[in-house]
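Accompanying notes for the structure given below.
In what follows, chains are A, B, ... by sequence order, proteins preceding strands, each numbered from 1.
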Amino acid sequence: MLAATLIGAAAAAADIQSDERGQVAVLPAAPGPHWLWVPDRVLRHAALFDGDSGAMIGVVDGAFSVSGPAPILAPKRGEIYVVDAVYARAYRGERKDYVTIYDATTLAVRGEIEIPPRSASISHGCQLAAVLDDERFLVVFNQDPANSVSIVDLEARRFVDEIMIAGCALVYPTGGSRFAALCGNGTAVEVELDATGHQKRVARSAKFFDVVADPVTEKGVRDGSRWLFASFAGQVHAVDFSGEQPVAAPAWSLFTEAERAAGWRIGGTQHLALHRATHRLYSLVHQGGPGSHKDPGAAVWVYDVGQEKRVQEIAVPSLLPAFARPLLELERGGWGDWLLRRLAPNPGVHSIAVTQDAAPVLFVRHEEIGAVGVIDALSGALRREIDEAGVSGPTLIVPGP
Amino acid sequence: MLAATLIGAAAAAADIQSDERGQVAVLPAAPGPHWLWVPDRVLRHAALFDGDSGAMIGVVDGAFSVSGPAPILAPKRGEIYVVDAVYARAYRGERKDYVTIYDATTLAVRGEIEIPPRSASISHGCQLAAVLDDERFLVVFNQDPANSVSIVDLEARRFVDEIMIAGCALVYPTGGSRFAALCGNGTAVEVELDATGHQKRVARSAKFFDVVADPVTEKGVRDGSRWLFASFAGQVHAVDFSGEQPVAAPAWSLFTEAERAAGWRIGGTQHLALHRATHRLYSLVHQGGPGSHKDPGAAVWVYDVGQEKRVQEIAVPSLLPAFARPLLELERGGWGDWLLRRLAPNPGVHSIAVTQDAAPVLFVRHEEIGAVGVIDALSGALRREIDEAGVSGPTLIVPGP
Amino acid sequence: MTGLDALLERYARRLARRSDRRGFLAALGAFVVGGAALPLLPIARGFAGDGGAKGAPAEVAGPEGDPTRCEYWRHCAIDGFLCSCCGGSQTTCPPGTEMAPLTWIGTCRNPADGKHYAISYNDCCGRGYCGRCFCNRNEGDRPVYHPYRSNDINWCVGSTSQVYHCSTALVIGLAEEGQPEK
Amino acid sequence: MTGLDALLERYARRLARRSDRRGFLAALGAFVVGGAALPLLPIARGFAGDGGAKGAPAEVAGPEGDPTRCEYWRHCAIDGFLCSCCGGSQTTCPPGTEMAPLTWIGTCRNPADGKHYAISYNDCCGRGYCGRCFCNRNEGDRPVYHPYRSNDINWCVGSTSQVYHCSTALVIGLAEEGQPEK
């Protein structure tokens with residue numbers, strides 16, 4: 001029953017053309033300007049795409065989170081970190097939490113660091129962990145359900161300390177070995193670590209928003225020592241962390257009274273993005289009622305942060321054609337694609353992200369549509385769609401500083 | 001910032017209507033006549049449905065298999081077994097294989113039994129493990145890639161022995177403490193265990209099929225001490241395991257020469273089903289070319305096994321409307337549903353299963369359409385469709401003897 | 001527009017209404033069953049000491065009275081798979097799962113009597129995603145720094161296993177008013 | 001029939017052609033790279049001793065020459081996600097994965113030169129499902145009791161981790177004839 005005799009497929013040894021076996025691809029040493037991680041809560045991985053080619057170029061896994069794993073790059077270390085957890089029997093048994101260390105070029109696992117088994121699992125996936133600017137410490141937000149953070153020393157590759165941040169949540173790096181959190185009493189708190197990763201200093205801002213009347217969302221964007229947050233009603237609160245205490249600037253509005261009266265409001269998951277060099281703030285907006293603050297939008301309004309005024313409106317195209325194309329086996333640009341583009345309605349997107357280069361692109365994603373749109377962040381023109389980008393997930397992560 | 005004062009939602013304590021907390025459902029002691037497990041390789045669980053109501057009534061998990069977990073009922077023990085495996089870090093690290101023991105009524109985990117870390121992962125999911133008729137031993141097919149089986153003592157809840165079955169594959173219970181396997185040389189081998197679960201006797205049939213010219217598929221159906229297998233070309237081979245050695249009866253054909261010439265052939269994944277009381281053999285068929293032996297079909301041809309002739313043809317309806325209905329949020333029986341039923345083409349199904357009661361139903365499933373059809377197995381009439389039945393998976397498992 | 005075009009548009013509209021595949025339920029308060037890991041908010045005090053089971057309020061016909069539908073009146077702040085579609089009910093976890101001891105409370109108006117009820121959205125935990133009848137409505141939802149009003153948090157956080165399966169919607173009493181923020 | 005109806009029918013036809021979401025590749029033989037856990041079949045003997053890399057055969061234009069397409073000529077017996085869509089190529093595993101040392105060999109006809117080539121469908125292992133460009137073609141596939149011709153087997157079985165990510169399609173030489181069973 002030897003296959004070769006049965007099938008008559010013996011090789012002509014003198015005339016062989018053959019491929020090398022065992023080859024494994026590696027990534028360039030530095031991220032491309034338009035790279036994008038797309039975390040997936042169902043496939044339990046984050047896929048890395050190149051927005052220029054539309055190609056998937058790598059993947060890291062993460063089994064635990066209900067938002068999908070969020071890869072965090074430390075450029076100087078050449079490493080990528082993913083906070084993850086396992087149960088001894090997949091869904092039950094002892095829980096163990098750990099940080100997986102990936103080589104940023106080979107994506108091979110370099111090691112892991114065990115952390116307390118209470119890393120937070122939050123469906124929006126934003127700001128659950130961060131590498132501080134020092135690239136020495138990784139801070140992981142915990143919820144059991146009390147709020148705390150785990151401090152991980154990336155140099156020593158070990159867990160250092162757990163710091164309670166009662167009433168406050170998430171991790172916003174603010175410079176050096178410092179990070180902030182947003183608090184349920186309408187303030188922000190900042191924690192500074194000492195050289196060993198223990199708490200050195202805590203400072204709290206004055207109350208700058210009302211958690212019931214008009215709370216800010218957790219999905220802030222960073223501009224150096226400042227973080228910008230938007231409230232449900234579209235008030236922009238900029239909090240400066242450069243001094244001894246966090247200080248919030250007077251809020252300004254994304255919407256005019258007329259726009260607000262017409263139902264315009266922020267919405268989605270990762271609904272803000274900032275291009276730092278041009279001070280352009282991208283805000284995903286829609287028209288809707290109360291309780292629609294997580295609804296997707298089909299418009300991105302662009303603001304000049306310094307002037308605090310709108311400078312552009314970008315229409316987000318429907319991702320349904322890109323979603324349906326592989327299901328229907330349609331050629332991109334073919335008649336079926338053309339037809340779909342004409343007929344498909346536009347469900348909008350939940351999340352946006354912008355790259356920081358001089359020719360930035362704006363990525364857009366709907367949580368339940370496995371496609372990502374790549375838009376010229378300056379002109380607003382659609383550059384391409386990435387299809388088969390996953391099953392479900394909330395965030396878009398642009399690697400790099 | 002107490003919620004109650006802020007939202008003004010204090011309860012009127014004198015006038016409370018409230019639901020009891022902490023309630024958890026349990027299943028009846030015995031399976032319903034039309035119950036069905038639907039394993040899912042993406043959601044990594046098997047969902048239990050009642051074909052009469054269409055309701056999902058329970059779930060068991062399984063993280064490892066590329067076919068989704070296959071729950072195996074031992075009725076007298078009141079237990080359900082799932083062969084599973086975990087890696088220490090979800091996708092990497094040490095692998096550990098085990099059998100999870102579920103209570104058949106509460107679906108709570110009663111315990112687990114560790115087994116050698118080489119249980120087979122095979123995408124069709126058929127006959128990878130079985131409880132023998134004695135309800136004492138569970139037999140698990142291994143591949144590392146050498147073929148063997150692990151014997152598990154369900155009474156003592158421990159792994160007993162590993163038996164090599166070189167050249168043979170899968171597990172077909174044949175009565176008592178015996179099971180068979182199909183072999184690459186066109187034979188079947190039978191293994192009998194002694195009272196402690198070790199190999200007592202091995203017997204091999206004569207060669208009864210040609211593995212290259214016309215192999216039988218692995219997806220046989222059991223009729224007491226006999227197993228019926230169908231070949232790619234539609235030859236039915238019945239192998240009797242009641243004697244000292246397995247004996248294959250002369251093969252008979254599912255197709256006439258004219259039908260064969262017209263391209264009719266078997267196809268799909270779990271493409272055979274048997275209603276034992278009426279000796280009706282259900283065979284999923286389609287018209288196709290070479291290499292189409294895994295293609296889905298939209299017809300089930302029904303045979304009288306004793307007479308070796310076809311007695312009925314059942315047209316399998318398209319599952320696309322049931323698949324699309326929840327996506328489109330259409331009411332069952334509404335105008336949109338009506339329209340879908342008129343317009344939707346029929347991609348066929350990969351798998352079939354039949355219940356063993358006096359009013360049997362035939363379940364049908366397409367591997368990539370999250371819907372299950374429930375057909376009257378005698379009249380061939382569609383009784384109902386179960387929608388949102390999962391994401392992807394090959395098998396349909398009717399619990400019970 | 002052909003019939004199928006209309007269907008596709010319905011799909012798009014449905015997607016547009018759903019903002020979160022896996023998150024959790026909007027909250028107006030929180031309580032602990034059989035423990036005091038967290039302070040009991042006033043709204044829960046009337047119910048913490050007993051097992052409940054004093055009878056559920058009246059239901060209406062149609063989707064607003066059907067616990068397997070997202071439109072069900074109790075689901076006004078739910079975010080997850082409906083246990084009624086997973087082997088449980090709006091008040092019962094599916095076999096083999098554990099009802100979360102920590103939860104959060106919303107306020108929904110029952111169209112049958114026009115009254116507002118306090119709803120406890122207990123998750124059922126210890127099995128993977130149910131995967132059926134996903135439903136997300138965000139009335140009264142707040143960011144995670146206000147945890148007991150945030151439906152993005154995995155509220156299996158207090159259970160034996162933090163693996164989320166589906167969500168229930170228990171009535172725990174009458175509320176004097178509905179959601180304040182309109 | 002409207003345009004969208006035609007699209008829906010195309011979807012149905014495509015589903016009808018695909019029989020297996022996750023299985024593995026059709027096989028005509030098997031070999032071990034750098035080991036002898038299994039007997040080397042004659043077809044592999046010419047290649048077992050060296051690393052290959054003698055140049056790939058010519059390719060054609062269109063889908064039959066595009067490694068990101070199921071129609072690519074080397075994919076005549078593949079069953080899985082195409083590594084060309086996952087960060088690798090038809091001959092290279094994506095970053096961080098491991099090319100399976102055990103594999104199985106199919107025979108596919110290259111339309112560029114009309115010759116039949118022996119194709120080794122090495123899986124890439126150690127990460128979960130890639131999830132892109134699923135492709136299943138079963139020319140020469142056999143049941144699992146004939147393992148080295150069975151594309152249902154998880155051929156990461158010989159790797160460090162048996163978790164399957166995607167599949168490659170390496171040319172390992174000319175075959176004298178095509179598939180025998182037509």
Side-chain angles (χ1 to χ4, degrees), chain A residues 1-27 40 42-45 47-49 55-61 63 102-103 105-109 324 326-331 335-336 338-340 342-343 370 387-391, chain D residues 3-4 6-8 10-11 14 27-30 33 41-43 46-47 51-57 85-89 91-99 105 107 116-118 120 122 124 127-133 140 146 148-149 165 170-180:
Chain A
M1 60 173 272
L2 283 182
T5 57
L6 292 173
I7 64 175
D15 187 22
I16 294 169
Q17 302 174 293
S18 62
D19 297 311
E20 191 176 348
R21 289 188 297 269
Q23 295 184 97
V24 180
V26 297
L27 297 172
D40 198 295
V42 175
L43 293 175
R44 297 166 191 273
H45 70 205
L48 179 61
F49 289 90
M56 175 173 162
I57 56 177
V59 70
V60 295
D61 284 331
Y102 291 93
D103 184 289
T105 302
T106 65
L107 295 189
V109 174
L327 292 177
L328 300 167
E329 256 188 6
L330 296 174
E331 299 294 328
W335 68 268
W338 178 87
L339 191 68
L340 262 183
R342 285 201 53 214
L343 296 176
D387 56 28
E388 289 200 293
V391 177
Chain D
L4 277 180
L7 294 187
L8 190 51
R10 288 194 68 161
Y11 177 48
R14 173 169 170 277
L28 299 181
V33 174
L41 298 179
I43 190 172
F47 326 108
K54 297 184 183 166
C85 301
C86 306
S89 72
T91 59
T92 309
C93 283
T97 66
E98 174 190 5
M99 190 176 281
I105 297 170
T107 299
H116 290 87
Y117 288 83
S120 170
N122 298 61
C124 301
R127 297 272 146 97
Y129 299 139
C130 160
R132 306 189 84 218
C133 297
H146 197 51
Y148 310 119
R149 302 186 66 185
H165 183 62
L170 278 63
V171 165
I172 58 165
L174 285 170
E176 287 183 349
E177 304 175 21
Q179 301 283 1

Practice task
Apply side chain to side chain contact (heavy atoms under 4.5 Å, CB included) to the pair D:Thr91 and A:Arg21, showing each step before the final yes or no.
Solution key: CA-CA 7 Å; D:Thr91 59; A:Arg21 289 188 297 269; over 6 Å; no
Handout entry: Heavy-atom pairs under 4.5 Å with chain D, option from A:Val59, A:Leu48, A:Asp40 with the top count
Key = A:Val59
Problem - Interface moiety of A:Val26 toward chain D, non-hydrogen atoms closer than 4.5 Å - result: backbone
Handout entry: Between CD on residue A:Gln23 and CG on residue D:Asn122, distance to nearest 0.5 Å
Key = 11.0 Å
Exercise for the section: Please round to the nearest 0.5 Å and tell me the distance separating atom CG of A:Asp19 and atom OG of D:Ser120. Expected result: 9.5 Å
Fill in the blank from the handout: Per-residue tally against chain D (heavy atom, under 4.5 Å) across A:Leu27, A:Asp61, A:Ile57 peaks at A:Asp61
Practice task
Return the minimal non-hydrogen interatomic distance between A:Ala25 and D:Gly87, and the atom names on each side.
Solution key: CB-O, 3.6 Å
Completion exercise
The interface call for D:Cys124 against chain A, heavy-atom contacts under 4.5 Å, is neither
Practice task
Go through D:Glu98, D:Arg132, D:Met99 and name the one with the most non-hydrogen pairs under 4.5 angstrom from chain A.
Solution key: D:Arg132
Practice task
Start with the C-alpha gap between D:Arg127 and A:Leu107, add the side-chain angles, then the distance that decides, and say whether side chain to side chain contact (heavy atoms under 4.5 Å, CB included) holds.
Solution key: CA-CA 11 Å; D:Arg127 297 272 146 97; A:Leu107 295 189; 4.0 Å; yes
Exercise for the section: Between chain A and each of D:Cys93, D:Cys85, D:Cys133, D:Pro95, count heavy-atom pairs under 4.5 Å; write down the option with the most. Expected result: D:Pro95
Exercise for the section: Would you mind reporting whether A:Met56 and D:Pro94 have side-chain heavy atoms less than 4.5 Å apart? Expected result: no
